[in-house]
Amino acid sequence: MSDNAGRIVQKLWSYCHVLRDDGLSYQDYLEQLTFLLFLKMADERAAMVSKEQPIPKGYRWSDLANSQMEGDRLEIHYRHTLETLGKQGGMLGIIFRKSQNKIQDPAKLRRLIVDLIGNEDWLVMSADVKGDAYEGLLEKNAQDVKGGAGQYFTPRSVIHAMVDCLQPKPGEVVYDPACGTGGFLLAAYDYITRQGKLDRDQKKHLRYEALRGVELVDGVSRLCAMNLFLHGVGPDDDDREPPIKTEDALRNEPNDHADVILTNPPFGKKSSVTVVNEVGETDKETLVYNRPDFWVTTSNKQLNFVQHVKSLLKVHGRAAVVVPDNVLFEGGAGETVRRKLLHECDVHTLLRLPTGIFYAQGVKANVVFFERKPGSDKPWTKKVWVYDHRTNCHYTLKTKTMTRANLDDFVECYRPGDHYNRKQTWSEKKNPEGRWRSFTFDEIAARDKCSLDLFWLRDESLEDSASLPDPHILAQEIADDLRSALCQIEDILGDLEERVPGRVET
Amino acid sequence: MTKMPEHSSHDDGPASPQGWSVMPLGEVAKVQLGKMLDKARATGVRLPYLRNINVRWGKIDTSDLFEMPFRDEELERFGIRDGDVLVCEGGEPGRAAVWQGGATELKYQKALHRVRLPSGILPHWLVHSLYYDSVQGSLAKQFTGTTIAHLTGEAIKEYPLRVAPLTEQARVLDAVASYFTRLDDAVATLERVERNLKRYRASVLKSAVEGRLVPTEATLAKQEGRDYEPASVLLERILNERRRRWSESGKKGKYQEAPAATSTNLPDLPEGWCWASIQQLAKPFSSSICAGPFGTIFKARDFRPSGVPIIFLRHVKPDRYLLRKPTFMGHEKWIELFQEYSVHGGELLVTKLGDPPGDCAMYPVGLRPAMLTPDIMKMEVDESLVIPRYVLHYLNSSLARRFVFGAAFGTTRLRLTIPLFRNTPVPLPPLAEQARIVPTLDRQLTLIDKQEYLAQTAEAGCQRLRQAVLKWAFEGKLADQDPNDEPASVLLERIKAERDTAKPAKTTRPQRVAGNRVRA
């Protein structure tokens, strides 16, 4: 983050603390910022290109920032603005749908409009500055454990390693069917812009066509669209389709297909999604999707996402998907999905991620890399290369965070762009501690339930106290394990409760 | 189409789910006992075979196989193919697993039944059913034998198999596999937690005796701008006092100075600490450290059903004095011979044998006196120098184990002798620091005990949950029922019809219709 971005984040963030005393959550604050910033930038652009702006007359920045707008009048006008713009289509719709004013005190709203947003020239500010400032706020929001926003936030080190492995190219469509606040899409955008100079068509494609995301939750897709917008991605008018859609990605078979899919489907409880319906009631729906393109019907959300990703890929398209361990070992539907995936796609790489890197607690996760292939009688997967970055790796969110450099060895082993030319670092005799090892299709197919839950390194916790870690490190590990066991058992409980006849929703 | 008799209707158990039937296993499956090894007719080709121990619940372990000769005509008869269910005849009768290893030359012997099911009944369905009934106890109804239980060929054929519609079987098995694999994961995680709690305990102990658990006296004194008594000064003071008291007592002979800690390569200590020997930390009289009496006077024939408790190895665990399986010495014999080998409360008990030796517990205050066996030492700690529970924690730490048991002395000993014990070096903190270490450590260790108990309970809970999941599975509650599924009765009828056409030569139908014995 540049100094300037840091200064702006600091400024915006410290004002957030003022508003928090009025009961505003981080997420609420981010949303208000989003609405106002969008209006301010539309205003600046209109002034610069002297073209009619897409915001309807009477609901523009100039109306809000008018010095006559004070007290109840400001509050009422702001409310009407949000309502009106929420009914528009395109980008406006994405940004303003179901928007509400959460700042009850007009004086504070006034200060936010005039002092914090009105005082900066956002349009001329480089995308790095304003985009990074906004992302900085998103990350702070994710760290706010109480808000639970953490489940939408993938560690940046993991995102960048995944992008570096898949190497998205100019002209390709990059898709994230569970895009959260857009971390993967922006990392892909950065990667493509860093690969040398783009021509005019490539730039245009990158801005309007290349990046596509779907997000289930209104509030989150709004933040995502804004995040992209501030980085210069997506239209600022209604002429083009916005890059983000707010919908349940799993509901329907996809019409469009992607060259590259990078995604981290939400962890969390499976099989049911809390949806707030039109009248504001909380609906807990059990989601069983009827998708003819799926290999198996299951209530396991992550298994459904894996099937969805395969459907979304073009033939020879490439995907990297963050999945919890359950996808690798779960019997029943999980086995069906694994066998089909190994058969119809080339599942070439599995990265086992360490614990202690996700804001969502108790998560044990992996990245599965695969390519969709044309129909064939023989399985497309010949070898699965596994990189164990979990056994005896210790990270925490605060004191020992994982960085992109910690994944350098993996990316080097992966050999991006040349992944048929790999060498194991593991060797039974010479280097039993090697973290990079391949397994043949036959070896995996013969495993019970076709489990991909592969480990071979000696777990230090099985050793006697020859190298005894300090108590706080062990306590951390125990806490992580207990959380993970808890998540697993709660997940089982969730499924069992579904089967209790005549259960009453609480 | 004629309707099959519903066998379940005879039963007093809960009603079967819609569309399910119950049928003796022998009516639908081919059951074949394995080959008996006959030394007299040992001809043919030697081949590996499965025996009882190879068949675990749900899993066939081929890591330990025996071989025996099979004649040509036996190859098919005792052969195994994918989908065969192998069921233990004895041992844990009914324990079963499905062979899924593909084509194999493996055979099986007479402690196992091979159950070959028709395509309408899934092999894992049978295995889960047997497992459920085995744990619930209802499978025992099929067992014969009074002392050693068997599941004979006749008995297994009468086993009442619940049969769901085929598609429902598949749905149930998928659900069971999904739950079981997740439970496996949770159990494996909890086992890791238990192992790590053990390491955590060791790590806390180690940090305590290395001066890292609480702020050191040296640091605090510096912060608070005061003096303190370093352990070396304390030790010197107490040793001088002992010498003075000895000379004042007017005892004859030369004063026996307790030898100091002599071992080389002692690690560095925190400021204010010093090394002392166990002998220096014991009370200054010869029997303050001693083991139980030798076998010449200590005889099992003097043991009595009541009297003075005798402390055996089994009673002394790290920081635990156990009261299990007590043995007693007659009171009169004790008065006569063993009083000096006794403990009264507050002494440390240390094991001389074990893997490793050196476990230390305190004999609780408030029990009546007990006596030592030759395998247990006691130590009476000089409390003016060191808090007994500090010595106890130290002796149970990995640091002390290094001195007592090996590395520090270059050899591996399975026996801790009294001289070795007396010379064991102890890192001695200032008294005030000991008084902070011990309660902090005691608190932490009780918390770890509680966590261990919780992890074990949760793990046991997961195993019970497996049973509960199977209960729902066989009550039809785990997966959805679909009225469009072909009912089991129709399925069974078809199976029978196929079976009858497959062997037209045999016209006699099984005479035994075991409906009235069936239990659901």
Side-chain angles (χ1 to χ4, degrees), chain A residues 288 296-300 303 324-326 328-336 355 362 364 445-446 448-449 451 453 455 459-493 495-496 498-501, chain B residues 58-59 100-102 124 170-208 212-213 397-399 401-402 407 444 448 451 454-455 458-459 461-462 465 468-469 472 477-480:
Chain A
V288 176
V296 62
T297 303
T298 169
S299 60
N300 181 322
L303 288 174
D325 276 14
N326 278 45
L328 306 187
F329 68 72
E330 221 181 282
E335 180 176 356
T336 309
T355 55
K364 288 186 180 170
D448 187 29
K449 311 215 163 45
S451 168
D453 195 15
F455 285 114
D459 185 342
E460 277 165 8
S461 74
L462 289 166
E463 306 286 297
D464 277 339
S465 48
S467 62
L468 196 58
D470 281 341
H472 69 282
I473 292 172
L474 287 170
Q476 173 74 48
E477 228 168 275
I478 291 167
D480 284 347
D481 276 338
L482 284 173
R483 272 189 209 105
S484 144
L486 179 66
C487 288
Q488 193 65 266
I489 290 166
E490 281 182 342
D491 182 59
I492 289 171
L493 174 62
D495 279 3
L496 289 170
E498 301 275 323
R499 311 263 352 141
V500 176
Chain B
K59 171 174 156 229
Q100 294 172 286
H124 288 99
R171 285 196 300 273
V172 172
L173 288 176
D174 267 3
V176 169
S178 165
Y179 285 111
F180 276 23
T181 47
R182 282 182 284 167
L183 282 168
D184 288 343
D185 181 65
V187 166
T189 310
L190 289 169
E191 282 170 351
R192 246 174 71 91
V193 167
E194 284 174 51
R195 288 198 306 272
N196 267 334
L197 281 169
K198 287 202 174 66
R199 297 169 82 216
Y200 179 60
R201 178 192 298 276
S203 180
V204 169
L205 272 179
K206 187 159 178 277
S207 74
R212 291 181 288 119
L213 187 67
S397 75
S398 57
L399 191 61
R401 295 301 163 102
R402 262 180 58 209
Q444 295 245 359
I448 296 170
Q451 287 304 316
L454 284 175
E459 203 188 317
C462 287
L465 182 51
V469 165
W472 272 11
K477 293 180 185 163
L478 201 63
D480 293 333

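Everything numeric in this text was worked out from a predicted model, so none of it was measured. In what follows, chains are A, B, ... by sequence order, proteins preceding strands, each numbered from 1.
Using a 4.5 Å cut-off between heavy atoms, B:Asp480 touches chain A through backbone and side chain atoms alike. Interface residue B:Lys206: only side-chain heavy atoms are found under 4.5 Å from chain A. With a 4.5 angstrom heavy-atom cutoff, B:Leu183 touches chain A via backbone and side-chain atoms both. Residue B:Glu194 does not touch chain A at all, counting heavy-atom pairs closer than 4.5 Å. A:Ile473 does not touch chain B: none of its heavy atoms, backbone or side chain, sits under 4.5 Å away. Looking at A:Ala475, both its backbone and its side chain come within 4.5 Å of chain B, counting heavy atoms on both sides. Contact of A:Ile489 with chain B is made through the side chain alone, with heavy-atom distances under 4.5 Å.
Between B:Leu190 and A:Leu482 the shortest side-chain heavy-atom distance falls below 4.5 Å. B:Arg182 has its side chain within reach of A:Asp491: a pair of non-hydrogen atoms, C-beta onward, lies under 4.5 Å apart. No side-chain heavy atom of B:Thr181 sits less than 4.5 Å from a side-chain heavy atom of A:Glu335.
The two residues B:Ala177 and A:Gly332 come nearest to each other via the heavy atoms CB-N, 3.5 Å. For the residue pair B:Trp472 and A:Arg499, the shortest heavy atom distance occurs at CZ3-CB, 3.9 Å.
A distance of 9.0 Å separates CG in A:Asp480 from CZ in B:Arg192, rounded to the nearest 0.5 Å. To the nearest 0.5 Å, atoms CD1 (A:Ile492) and OH (B:Tyr179) are separated by 8.0 Å. To the nearest 0.5 Å, atoms CG (A:Leu496) and NZ (B:Lys477) are separated by 12.0 Å. Atom CD1 of A:Ile478 is separated from atom CD1 of B:Ile448 by 7.5 Å, given to the nearest 0.5 angstrom. Atom CG of residue B:Leu197 and atom CG of residue A:Asp481 lie 9.5 Å apart, to the nearest 0.5 angstrom. One distance of note links NZ of A:Lys364 with CG of B:Asp185; it measures 6.0 Å at 0.5 Å rounding.
Ranked by heavy-atom pairs under 4.5 Å with chain A, the first of B:Lys59, B:Arg195, B:Arg201 is B:Arg195. Most heavy-atom pairs under 4.5 Å with chain B: of the set A:Gly331, A:Ser451, A:Ser484, A:Gly334, this distinction falls to A:Gly331. Between chain B and the residues A:Thr336, A:Val296, A:Leu474, the largest count of heavy-atom pairs under 4.5 Å involves A:Leu474.
With hydrogens and angles ignored, the 3.5 Å screen pairs a side-chain donor or acceptor of B:Ser203 with a backbone N or O of A:Pro469.
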Yes or no on salt bridge (Lys or Arg N to Asp or Glu O under 4.0 Å) for A:Asp470 and B:Arg212, after CA distance, side-chain angles and deciding distance?
CA-CA 10 Å; A:Asp470 281 341; B:Arg212 291 181 288 119; 3.1 Å; yes
